[in-house]
Trainee: 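One structure follows; several queries about it will come next.
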2 protein chains.
Amino acid sequence: MDETGLRVGQVAERSGLTVRTLHHYDRLGLVCPSDRTSGGHRLYGPADLERLYIVVGLRELGLSLERVGEVVSGALTVAETLEHQRVALDLQIAALTRARDRVLHAQRADGELDLLELMKEVVMSNTFEQYFDADQIVQLQRRRAEIGEQRIAEVENAWPELMARVDAAIAAGTEPQSEEGRALAGEWAALLEEFHGGDPGLRDSLFRMYEENRSQIETEWSGPSQRQLDFISAAQR
Amino acid sequence: MDETGLRVGQVAERSGLTVRTLHHYDRLGLVCPSDRTSGGHRLYGPADLERLYIVVGLRELGLSLERVGEVVSGALTVAETLEHQRVALDLQIAALTRARDRVLHAQRADGELDLLELMKEVVMSNTFEQYFDADQIVQLQRRRAEIGEQRIAEVENAWPELMARVDAAIAAGTEPQSEEGRALAGEWAALLEEFHGGDPGLRDSLFRMYEENRSQIETEWSGPSQRQLDFISAAQR
DNA sequence: CTTGAAACTGACGTAGCGTCAGGGTCTAGC
DNA sequence: GCTAGACCCTGACGCTACGTCAGTTTCAAG
């Protein structure tokens, strides 16, 4: 008759979970109280609580209950699970961040929902996903986080300004191979580098996307024109 | 018998959705094809497609199907919906980012899952959430994104270094009010400012948390000692 | 008229519990 | 011993946004 131990309600209060949740974990076999009263009420002992806290801790990492079960039972190695989870979280964060960016963009349309803008955004990001795989998108997201929003805004503002100066140089008849031309090409390359961070995979994907969607990017996204690209590539030779 | 229009399969192919999804939207009343063949097959006209693309666009913003329905029916204002959605996405991103940080922290325990570390993390973030509300957590997250990870790492490394110099000053018998003492206090305030960004609400919450968990923070998180705090506050007077 | 592809309408499954519904159990006070 | 009130029990359905059969019917070409 050693009916010591906490009842569900008390465990719920201490752990911040609900009684229903504890029932759920019990049924799934995650945390089963090792004792019951004669009337069938659950009694949680110290070992049960320890297991419960392990489960809670793993859940805070965002693992599903199924994974948690596999980890506590030893069916999954911890290191591998953590690595998978990190990647999964990166992907989710990237997806949500893109949604947030789209919302911000739509909000700029001030009151009226600009469906055309929204569709352009959507088409754009779909195009984007054709050329960059999940890992690359996560990689880009990481770079953005490392660099910080201020620097990103600076770079985005720098592009039209640089493109204007390139246009001016072309109009003035500047030789691409001249010192001025090569300086412009250097700036151009530096801005590109801010995007792909020197990763050849990212750079190639970006270039392929550019090649295959040139006219659309030029007209709808005010990207660089063919003349500008020609000038820059001539200067880089 | 003007049975023109696209069938579900064709619409699915063009929109990137599945046939099942189109059935689902039809049943929910979101996008109901305005025509059917005599045999009952769905026929989507141009107006239906337009409505479908609006729905798809709104879904890409992360809105639930219910919200999408309310927006397209005009029951919800667009501006308000977008603002709510932005906040909701911020909260989700913040939650996932915290989970990711915890995973990274657990991974540093190298192979062996350090449950004690994990529990400390969890307890810490629970403590944190007692003192900062959802808006403030989002605000902090935004600040971190703006500043960039490099700067954050710099600041985190700067703390122990500064604390060491303060200790040295105390050991050398430096007066808090001396020029050297006030310089240290200035650096101290600048590092704090990096955290709260000058927001008085954030600063007060942080101070309250510090006050009420002083011993724990000092021992488990190698935070500043009482002696150091006394020196700094004396120097600031 | 046949045949293969495509479409139709249910209906169940998913993750992690919330939320009744319709009971028993525990315990303090009388 | 009895009862009231608080607590606990075990089902069972609900929610999101579809995926995935299953069994039947329609379409379009030969």
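Convention: sequence-line order gives letters A, B, ...; per-chain numbering from 1.
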Trainee: List the atom of A/Leu162, the atom of A/Leu191, and the distance in Å for their closest heavy-atom pair.
Mentor: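 Where A/Leu162 meets A/Leu191 most closely, the heavy atoms are CD2-CD1, 3.9 Å.
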
Trainee: Would you sort out whether A/Tyr210 and A/Arg214 count as a side chain to side chain contact (heavy atoms under 4.5 Å, CB included), showing the intermediate values?
Mentor: CA-CA 5 Å; A/Tyr210 238 99; A/Arg214 181 173 291 170; 5.5 Å; no

Trainee: Is B/Arg144 atom CZ crowded by more than 12 heavy atoms from other residues, nucleotides or ligands, each under 6.0 Å away?
Mentor: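 No, CZ of B/Arg144 has 12 or fewer neighbouring heavy atoms, counting only those of other groups under 6.0 Å.
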
Trainee: Donor-acceptor check, side chain of A/Arg7 to backbone of A/Leu43, threshold 3.5 angstrom: yes or no?
Mentor: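 Between the backbone of A/Leu43 and the side chain of A/Arg7 there is no qualifying donor-acceptor contact (under 3.5 Å).
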
Trainee: Nucleotide by nucleotide, 5' to 3', does protein get under 4.0 Å of the base (B), only the sugar-phosphate (S), or neither (-) in nucleotides 10-21 of chain D, counting heavy atoms?
Mentor: B-B---SBBBB-

Trainee: I need the CG-C1' distance between B/Asp35 and C/dA7, as an integer number of Å.
Mentor: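 It works out to 15 Å between those atoms.
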
Trainee: Would you please test A/Leu61 and A/Leu82 for side chain to side chain contact (heavy atoms under 4.5 Å, CB included) and show each step?
Mentor: CA-CA 9 Å; A/Leu61 301 181; A/Leu82 289 182; 3.8 Å; yes

Trainee: Separation of A/Gln10 atom CD from C/dC26 atom P, in whole Å?
Mentor: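 After rounding, the gap between these two atoms is 14 Å.
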
Trainee: State whether A/Arg51 and A/Asp26 are salt-bridged, where the test is any N-O pair (Lys NZ or Arg NE/NH1/NH2 against Asp/Glu carboxylate O) under 4.0 Å.
Mentor: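 Result for this pair is no, no salt bridge flagged.
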
Trainee: Looking at A/Gln10, I want to see if its CD is surrounded by more than 12 non-hydrogen atoms of other residues, nucleotides or ligands under 6.0 Å.
Mentor: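 Yes, because the 6.0 Å sphere around CD of A/Gln10 holds more than 12 heavy atoms from other groups.
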
Trainee: Please tell me if A/Thr37 has a side-chain N or O lying less than 4.0 Å from either OP1 or OP2 of C/dT25.
Mentor: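 For C/dT25, neither OP1 nor OP2 has a side-chain N or O of A/Thr37 closer than 4.0 Å.
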
Trainee: Hey, is the main chain of B/Gly62 close enough, under 3.5 Å, to the side chain of B/Gln85 for a donor-acceptor pair?
Mentor: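 Such a contact is found between B/Gln85 side chain and B/Gly62 backbone.
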
Trainee: What does the list of N/O pairs under 3.5 Å between the protein and nucleotides 3-7 of chain D look like, with a distance for each?
Mentor:
none

